[in-house]
Amino acid sequence: MAGGTIRLFIGVSSILFSICVSLGFNPEDSYLINCGSSSNVTVGGRVFVSDKSASNLLSAPQTISANAISKSNSSSFDSVLYQSARIFDKTSLYTFPITKQGWHWIRLYFSPFVHGSYNSSTAKFSVSAQTFTLVKELRMESDSFVLEYSLNVTSETLVLTFTPASNSFAFVNALEVVSIPDTIIPEAARTIDSKENNQSLTNKALETVLRVNMGNQTVSPPNDTLWRHWVSDDLYLTHNGLPRFVSNESAVHYTRWLTEDVAPSSVYGTATKLETMKEPMLNANLTWHFDVDPGFEYLVRFHFCDLVSNNAQSFILKVYINSLSVSDSLDLRSLTSNIFGTPYYMDVVIRASDSEKLNVSVGSRPEIVYPIIFLNGLEIMKISNSKSSLDILDSSSKTGSKMKVAIVVGLAIGLFTAIVLAAVLFLLCRRRRLLAHAIHSNAEDGVLNETESKITDSTAMFC
Ligand SMILES: *[C@@H]1O[C@H](CO)[C@@H](O)[C@H](O)[C@H]1NC(C)=O
Ligand SMILES: *[C@@H]1O[C@H](CO)[C@@H](O)[C@H](O)[C@H]1NC(C)=O
Ligand SMILES: *[C@@H]1O[C@H](CO)[C@@H](O)[C@H](O)[C@H]1NC(C)=O
Ligand SMILES: *[C@@H]1O[C@H](CO)[C@@H](O)[C@H](O)[C@H]1NC(C)=O
Ligand SMILES: *[C@@H]1O[C@H](CO)[C@@H](O)[C@H](O)[C@H]1NC(C)=O
Ligand SMILES: *[C@@H]1O[C@H](CO)[C@@H](O)[C@H](O)[C@H]1NC(C)=O
Ligand SMILES: *[C@@H]1O[C@H](CO)[C@@H](O)[C@H](O)[C@H]1NC(C)=O
Ligand SMILES: *[C@@H]1O[C@H](CO)[C@@H](O)[C@H](O)[C@H]1NC(C)=O
Ligand SMILES: *[C@@H]1O[C@H](CO)[C@@H](O)[C@H](O)[C@H]1NC(C)=O
Ligand SMILES: *[C@@H]1O[C@H](CO)[C@@H](O)[C@H](O)[C@H]1NC(C)=O
């Protein structure tokens, strides 16, 4: 009897297990909210519930739901999320109960709209999560956009706060709070300026700056098990080095350690490579340029998957960010046990710099006759600074350089004052000496007016 129950239990759980596996990643915490709407909508198989159903999560003194006349691109797959918005006149909080502590994604969806006297292009507000400032003075763009953040939630709730600037308002069209596998974000990553240092990430907030799919192909969220958006690399690629786009998704072979939760086969199965077979010993780099906010550290993840070597050739890659070496000899073959099509990724942290560019290059060791040079994907994540902020308005190096400027200005003023004083004293002393001479020669005549006598007296102690 008991045996039968256990067998039935095992049977049911293995069915459940296979259902979960076939659906891909199944997050423990998953809040998908269609803000300002009274209806649930399905976007690529996921249900975003009306925020009437989610009203228990929201505490706000006053809100307005707007059936927005969205100006966003109606052809995008998630356009249905932009047809309504929740407007906040005062500071308002969402409080999400968290069952699985660890890394979560927060995604905020925004789209321009006009609703009565509310014109989204005049909205100005900040958003914070727990103690982190996600964005300080959010201003709308001309089209819809999504902001994505990663947070290691260690408490039983996650509090998301919308704060309007004075005389303005805040809003959001849709939002997601979703737990992700903890292995997606590393506990620490190697910094590339000082080889022995690791930057810990467990107590940081991250903002996704960009996910790039090499091979000139965009991957939209429904094609990613964790709903990530990957943009095509073409816009960022320097075209002077004969880049070629390759694609072979069927060649991608995941391992138990690196599953499609890291990146989908549409990312690992496409690559941008440098055409070198026609030009032996071609000594060049594949280079991409990205815009970043200066003053922050960035976590950069490189995705590699060999789709291009014909197994006969050996190859060693060199990888750089902003001319700093990330890897001097990346031997992908040995890192993937010589199995063609096995994905591999590498994380590094680039320290804060004043540069507004993040330049990524992949090249080869010069001694290789027919070098093989390629990259499959790249992720750039901004790391919260010492003020627990991800906003450039709180950028520590900016205030650092402001302080530097203040010090330099102070020194300059000090130096200028000293020179002027010295010059004045020199002139006064000289005058005093001349006067003294004159006094001496004119003493008998008694020609010495009041001013001259004051000058001689007051400068006497310096000269
Ligand atoms: C929306 O979904 C929620 C959660 O699944 C459900 O409780 C609610 O009844 C749904 N609302 C409508 C209008 O279908
Ligand atoms: C809207 O989408 C179309 C097709 O995807 C694209 O060509 C167009 O540039 C988009 N418009 C805006 C404003 O993004
Ligand atoms: C909304 O504000 C923008 C910028 O101030 C303005 O260009 C636009 O005409 C306004 N739209 C409406 C409908 O008032
Ligand atoms: C940095 O992290 C790597 C990988 O997690 C580890 O092998 C290494 O020992 C760490 N180095 C330091 C200095 O903590
Ligand atoms: C999250 O942060 C806590 C507290 O710092 C830490 O103990 C835990 O390991 C972190 N979790 C992950 C997945 O990094
Ligand atoms: C990349 O793809 C886009 C759109 O599919 C295309 O217009 C463009 O020409 C491609 N770039 C190159 C360099 O082939
Ligand atoms: C997903 O990928 C398939 C095959 O690559 C493609 O046909 C489809 O358009 C993609 N869907 C989205 C939403 O990107
Ligand atoms: C794609 O990869 C598979 C498996 O390695 C291989 O059999 C096939 O020939 C490749 N296709 C192309 C077009 O290179
Ligand atoms: C990045 O590349 C651009 C264009 O080649 C260059 O002007 C800039 O100095 C580079 N920035 C860094 C930090 O290397
Ligand atoms: C590749 O880029 C790195 C970093 O910018 C540079 O040091 C190196 O000289 C470049 N190699 C070639 C062949 O241009």
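Read the numbers this way: they start at 1 and go in the same order the structure lists the ligands and their atoms. Atom set for the values below is all heavy atoms of this structure, side chains included, hydrogens, waters and symmetry mates excluded. In this text the structure is predicted, and so the values were computed from the model without any measurement.
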Evaluate the side chain to side chain contact (heavy atoms under 4.5 Å, CB included) criterion for residues Ile98 and Glu156: first the C-alpha distance (whole Å), next the side-chain angles of each, then the deciding distance (0.1 Å), finally the verdict. CA-CA 5 Å; Ile98 297 298; Glu156 281 167 8; 5.8 Å; no
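Residue-ligand proximity, Thr154 to ligand 5, at heavy-atom distances under 4.0 Å covers atoms 1 (C), 2 (O), 3 (C), 4 (C). The atoms of ligand 5 that sit less than 4.0 Å from any heavy atom of Trp103 are 12 (C), 13 (C), 14 (O).
A cation-pi contact, defined as under 6.0 Å to the ring centre and within 45° of the axis, is absent between Lys382 and Tyr298. For the pair Arg107 and Trp227, the NZ or CZ position fails the cation-pi test of under 6.0 Å to the six-membered ring centre and within 45 degrees of the ring normal.
Annotation: the span from Lys357 atom NZ to His289 atom NE2 amounts to 7.5 Å, rounded to 0.5 Å.
Summary of contacts: the protein heavy atom closest to atom 9 (O) of ligand 8 is Asn248 ND2, 4.7 Å. Nearest to atom 14 (O) of ligand 5 among the protein's heavy atoms is Thr202 CG2, 3.1 Å. Protein heavy atom in closest approach to atom 10 (C) of ligand 6: Asn216 ND2, 2.4 Å. Closest to atom 12 (C) of ligand 6 among all protein heavy atoms lies Phe245 CE1, 3.5 Å.
In this structure, atom 2 (O) of ligand 8 has a protein heavy-atom contact shorter than 4.0 Å. Contact annotation for atom 5 (O) of ligand 5: protein present (non-hydrogen atoms, distance under 4.0 Å).
Note on ring orientation: taking the six-membered ring where Trp is involved, the planes of Phe304 and Phe374 are perpendicular (angle over 60°, cut-offs 30° and 60°).
For the pair Arg211 and Asp224, the salt-bridge criterion is not met [side-chain N within less than 4.0 Å of a carboxylate O]. The pair Asp347-Arg190 does not count as a salt bridge, with every side-chain nitrogen at least 4.0 angstrom from each carboxylate oxygen.
By heavy-atom distance, the residue among Asp182, Leu151, Val153 lying nearest atom 13 (C) of ligand 5 is Asp182.
Of the polar atoms of Asn152, at least one N or O is found under 3.5 Å from an N or O of ligand 5, judged by distance alone. The shortest N/O to N/O separation between Asn203 and ligand 5 falls below 3.5 Å.
Atom NZ of Lys90 has 12 or fewer neighbouring heavy atoms from other residues, nucleotides or ligands inside a 6.0 Å radius.
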